[in-house]
Each structure stands twice: as structure tokens, then as C-alpha cells.
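Heads up, the thing below is written out as C-alpha cells.
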Protein chains: 2
Amino acid sequence: MIAYLNKINAFINYLDPQILTALQHISTIKTFKKGSFLLSMDETCKKSYVLESGIARKYYLNDGKEMTTELFFKDDIAISLHSYVQQSPSREFIQAITDVSVTVTDYQAFQVLKTQYPALMELDLMMTEYYAIWLEDRLFQFHTLTATERYLFLLQKQPHIIQYIPLSYIASYLGISLETLSRIRAKLI
Amino acid sequence: MIAYLNKINAFINYLDPQILTALQHISTIKTFKKGSFLLSMDETCKKSYVLESGIARKYYLNDGKEMTTELFFKDDIAISLHSYVQQSPSREFIQAITDVSVTVTDYQAFQVLKTQYPALMELDLMMTEYYAIWLEDRLFQFHTLTATERYLFLLQKQPHIIQYIPLSYIASYLGISLETLSRIRAKLI
DNA sequence: CGACATATTGAGATCCATCAACCAATGTGG
DNA sequence: CCACATTGGTTGATGGATCTCAATATGTCG
């Protein structure tokens, strides 16, 4: 998993400088205040956001309850995949948890660039593969681990998450209630 | 979701015949007997299998128990993604549930062809996106639906599954025990 | 300080897993 | 062709994990 990330980074480093310049031409830097939305439900995800600083999350509403599906840190790519890929209305929100700075890249412009530079198509494929593997792993966790095990797993793999993010977000990310998470933590001390 | 499948099919239909011929050159037809394995754990997934007839499933072992993660029917692509993409040992098995006929395509040969024909790179991307969206949807179901709801959802979306596949496979596919599934079905009648 | 968001704790209800017994259909060797 | 094993499915009893509702505590920020 990490190995594959390294492969992607290596691929980016070996990209033709001309391609990188072209990418920069269709990208801008933008900031979002804590609590504001990079993407709202029913909106089409027409931009990708690479986090430069700050933290964001992706969530949807279920019976009025917010279910967090993904947490974004530096260098993560924040999009709502189903909306981005199909250019259809999103079921998800993407929200800044702290003040956030991002590199914004336009979907349409990127599509054009991909047909121009096959290396970008390949890069897009690698990143999508990585996301799919990450999803498989998450599904595996829901399939086989108890709530406590999922929490410990998160603690071990991404200890930084716990420090900066409200427990209510973490609870729904783990697929458990806030109360259960609180009890799990109490027991572990 | 279906719309995107249509888009992929349209894309395939408009592929340069030369590309299709090249694809056929690196593919062969093969059959597997019921119960036999297209891929075993610890083996690297070096082929992709497009089902022509029959049914297959993907599963892994957890505490000695088989957890079914995916069911394959006609035209589905059976691979273990993490193993295929990273060319590393698989955690999963792919097994023929009935006698199965498949079109086998070699990973390495396909990689070469992709660099030769960018349209194939694009096709690979679209198929991976589709799989990722499917995974997101499955994760959504585990996140928000009860066992009964997940079963009803499956019944509604893929009624053919129930007819040909042992309940034990379906149970683990839904993330529940065989007994619970049996009770759910009893209540629904 | 007061107000609002965030987290903890308790009690009861619910869902689902586990263990175990049992049943039906199918297949196999003698 | 029968006896028996095997596979797939059902049903019952029980316990544990987790949810929900509700009350309380803690923190944070204007």
C-alpha cells in the first residue's frame, strides 16, 4: 500500500517538466475557512482539491445524521469520486475542518490534458487504483473487525487523526456511535 | 452507475478494430471446473478473467472462515485488484462456483498494449473508476443498512444471485452469519 | 461569565453471533 | 439399491456488542 504510494510519487517526479507546467496552468491555489464547504450535496464535483495545509472531511447525510467517509490531510486529493467521474450531482459534502489551503484543478481542463499527455492518463489510473485498494481495505475492516479493533487500527495507522478531529467525526468514520467510541476510549486507558 | 457501464460499453464499441485485434492476440479462452481456483491466496494475480459463462466468487479467509467479497457473472472481470495492480501476493481466492468459461488476458501483455494504445489506458481507468464507485456503494451499505436491508437491497438489485448461489456465500457477502440470513428469509415469506 | 459545542456515563432495548440440534436433498461405495 | 456421509439449510436458546435516549460534565470562545 505504502509501496504503491511511493511508486506514484516516483512517477510524478519523473514526469516531463512540460507536463508539470501544463498542469500548473490549469491549477490555482485557494483557501477555505474552517467549516466552509469545498463541495455540497447535489452539486457536481467539477474540481479536484489537493490539500496543501489544513484538514478536511467528506460526509453524507443519513436520516439527518452526518456520516464521515474520508478524512483529508496534506497531499491528499479531496473529491467525491462518483460525482467527479460521472459529472453528476454529489451525495456527499466536502468540508474544511480547519482553515484549509488547496490546489484546485478543473475537471474539464484535466480531461483535455489527459488526452494530450498519456502519462497523465496513467497517473490518473494509478491514483484511482490506489483509492480502490484503500476502499477494499476499509471494507475488509468493516467485514472482520469489531468497533474496538477498528479504533485501535486507526490509532496505530493514523495516530494524528485523533488529535485534531472531533470524536463525533471519528465515530461515524468508524461506523459506530459517539457514545460507543467514548466507552471504547475509556476502557483503553 | 448503470449509465457509467453504458458509457464504458459504448467506448469499447468505438475502439479502433486494430486495438481489438491486438487485444485478442494477448487473450485466450479457458475453462474451469466447478470448485476449482482461478486464483489462490499467496499467488500473484497475473491474469485478468472476463467471464463468458458460469459464476465465480472472490473470498478471503478470516479465522478460517470464508468471507465472500465479490460475485462474478457473465461479462464481469474477475481479478484480485490489490494483487493485480501491485503484482504482489493475493490475500484472496477466486473460485469457480459453477463450471466457468473465461477470456484470460495476461497482465504484462496488457501493460505493454496500454502504453501502445492510450485508448486502452483510458478504458482501464474507466473500469477502475467503476469498481471504485461500486466499492463506495458497498461501503455505504455496510455503514447505513441493517442486515435485513442489505439483503433486500441485494434481492432488488441482483435477484439472479439468490437463485444460483449457496446461502452461506451470500451471508458472508452481506457480512452476516448464515443463521441470521436464514432467519431474515423466513421472516420475509 | 454565559452559551454552545463536545464528550462522558448510565440504563434499557435491539440486533446479531454463536453454539447446538435437527432436517432435507444429494451422492457414493459396497 | 440401500446405508451412510456430505452438503446446504433451518430453528431454538443464550449472550454479547452496540444503539438509543437521557442526564451530566467538560471545554471553549465571544
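We name chains A, B, ... by the order of the sequence lines, and we start the count at 1 in each one. Note that the structure is a prediction, hence the values are computed from the model and not measured.
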Atom [atom1] of [X] to atom [atom2] of [N]: distance rounded to whole Å?
{"X": "A/R185", "N": "C/dT6", "atom1": "CZ", "atom2": "P", "result": "15 Å"}
{"X": "B/I165", "N": "D/dT7", "atom1": "CD1", "atom2": "C1'", "result": "17 Å"}
{"X": "B/I176", "N": "D/dT10", "atom1": "CD1", "atom2": "P", "result": "12 Å"}
{"X": "B/L181", "N": "D/dT11", "atom1": "CG", "atom2": "P", "result": "12 Å"}
{"X": "B/F142", "N": "C/dC16", "atom1": "CZ", "atom2": "C1'", "result": "14 Å"}

Considering the options A/R57, A/R138, A/K58, which one meets the salt bridge (charged side-chain N to carboxylate O under 4.0 Å, His left out) requirement together with A/E70?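 Testing A/E70 for a salt bridge (charged side-chain N to carboxylate O under 4.0 Å, His left out) against A/R57, A/R138, A/K58 leaves exactly one candidate, A/K58.
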
On DNA chain D, more 5' by nearest nucleotide between B/T180 and B/Y169 is B/Y169

Please determine if a side-chain N or O atom of A/K187 lies less than 4.0 Å away from the OP1 or OP2 oxygen of C/dT8.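 No, outside the criterion.
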
Just to confirm, is there a sub-4.0 Å distance from OP1 or OP2 of D/dC19 to any side-chain nitrogen or oxygen of A/K65?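 For A/K65, the contact criterion (side-chain N or O under 4.0 Å from OP1 or OP2 of D/dC19) is not met.
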
OH (B/Y164) with more than 12 external heavy atoms under 6.0 Å: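 For B/Y164, atom OH is not crowded (no more than 12 foreign heavy atoms under 6.0 Å).
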
Between [options], which nucleotide has the shortest distance from any of its atoms to the side chain of [X]?
{"X": "B/R183", "options": "D/dT20, C/dC16, D/dT11", "value": "D/dT11"}
{"X": "A/E179", "options": "C/dT9, D/dT10, C/dT8", "value": "C/dT9"}
{"X": "B/P166", "options": "C/dA7, C/dT18, D/dG9", "value": "D/dG9"}

Below 30° counts as parallel, above 60° as perpendicular, anything between as tilted: where do the rings of A/Y59 and A/F37 land? tilted

Do NZ/NE/NH1/NH2 and the carboxylate oxygens of B/K114 and B/D124 come within less than 4.0 Å? yes

